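Each remark here refers to the structure printed beneath this line.
Just so we're clear, the structure is a prediction, and the values are computed from it rather than from any experiment. When a ligand or atom number is given, it counts from 1 through the structure's own listing order.
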Amino acid sequence: MSLRRTLVLGAVGVVGACSLLMGPTSAFADPGGSSSGAPVGTHTDSLRDLGANVGLRVGTAVNPTELSSSTYSSLIANQFSVVTPENEMKWQVVEPTQGQYNWGPADKLVAFAQAHHELVRGHTLLWQNQLPTWLTDGVDNGTISNDQLRALLKKHIQDEVSHFRGKIWQWDVVNEAFTNPWDPEWNGAPAPGHFWVDHLGAGILADAFRWAHEADPQALLFYNDYAIEDVNAKSTAVLNWAEQLRAEGVPIDGVGFQTHLDTQYGVPTDFTQDMQRFAAAGLKVAITEADVRTFTEPSSVNTPTDPNAVAVQNAAWKQSIDTCLAVRSCISFTAWGVSDDQSWVPSTFSSPQEGAALLYDSNLNPKPEYFVVQHELATTNAAHRTGVGAGRS
Ligand code: 9MR
């Protein structure tokens, strides 16, 4: 996988970020001083309860095997109102051997969500990563023709969406189909170099939405991508493409902004303006994979190398939740995992080491970033959103 980065321009300096976050009326004053020196929030309500006040679902990616830990499962149940399986609905996991489905891990999470009155974001049906080797090997060695590949994809989408029919609020139908403006092959469209588009043509993306819609007409269908959290060439290309699909009657309901941020690139400056463009086009929007990584000590993925980095991280989380709150069509805000040590970041960005990307430390204690998100939810005067129940409301 190519390294993720955001196209963030105009990075704020640490001083600017500090004043942005810790203004004179800051709610983050540390009343007694926590042992870590972290600010302690003044609000006690959970993220899910605070989000509910404005009709916003607040969520996290979950690893279902971790649910056997009571600390972890209590936290998921108490703090969040929507969950995403981090890996367990991907094709590689659900059909590791052709024709033999492995729904168990995802079923476990869906059952947990239902028991705790949480909704589920299904992730993801058409992606070029985490495909089963029987599929990629077959394509590579010529035993799977393009016609067969198309039929296999249709069967995969319809079998999976049918299996979970009625239980998924939003599906990430297509994930990361665009290249990036910094890639040599960038041409502003979902090609070239994309596995599915290269083999089956760009129309396959629209077909994926149609097939998913046939299998579960109530589910909200999303396109999901990264590096679109500013007004930039990629976000504009994605917006134009999504508008074109809608004009053609393709059942695409929304666009997910992954929001994998990194302190070295600063805080998105026009995220709200950007997201507003999608809303104005009639699309629902969601923040789907939020995290904010920074350089850390190799020995501890919780410990930023630069102690001032947390101010930039706080500012980035503040910007992300504020953007979602400001745009009424933003119906969910999801962090990409719970604790720093379980995040995808440390293993993906290891030289130099990055981490500290999430809202909880490795002991599942809330970090300053948690209190930033909590404070913004507690003090917002955002409009109540619609379309947060299950179904296409
Ligand atoms: O967090 C996921 C990690 O556990 C997997 O190893 C990785 C495999 O590609 O996928 C990660 O999740 C990705 C998500 O599915 C799509 N957007 C980018 C996420 C981080 O890579």
Atoms of ligand 1 close to Asn175 [distance to a heavy atom under 4.0 angstrom, numbered from 1]: 16 (C)
Phe164 ring center within less than 6.0 Å of Trp169 ring center: no
Side chain, backbone, both or neither: the part of Trp127 lying under 4.0 Å from ligand 1 by heavy atom: side chain
Side-chain ion pair, Asp147 and Arg150, N-O less than 4.0 Å: no
Test of proximity, Asn129 against ligand 1: N or O pairs below 3.5 Å: no
Gln130 neighbourhood, listing ligand 1 atoms whose heavy-atom distance to it stays under 4.0 Å: 7 (C), 8 (C), 9 (O), 10 (O)
Separation of Arg210 CZ from Leu221 CG (nearest 0.5 Å): 12.0 Å
Donor-acceptor contact below 3.5 Å, side chain Ser162 vs main chain Asp159: no
Arg277 and Ser235: side chain donor to acceptor below 3.5 Å: yes
Whether Trp336 lies under 4.0 Å from ligand 1, heavy atom: yes
Contact check: Glu86 vs ligand 1, nitrogen or oxygen atoms, below 3.5 angstrom: yes
Distance flag, aromatic centroids of Phe209 and His213, threshold under 6.0 Å: no
Proximal atoms of ligand 1 relative to Asn87 (non-hydrogen, under 4.0 Å): 2 (C), 3 (C), 4 (O), 5 (C), 10 (O)
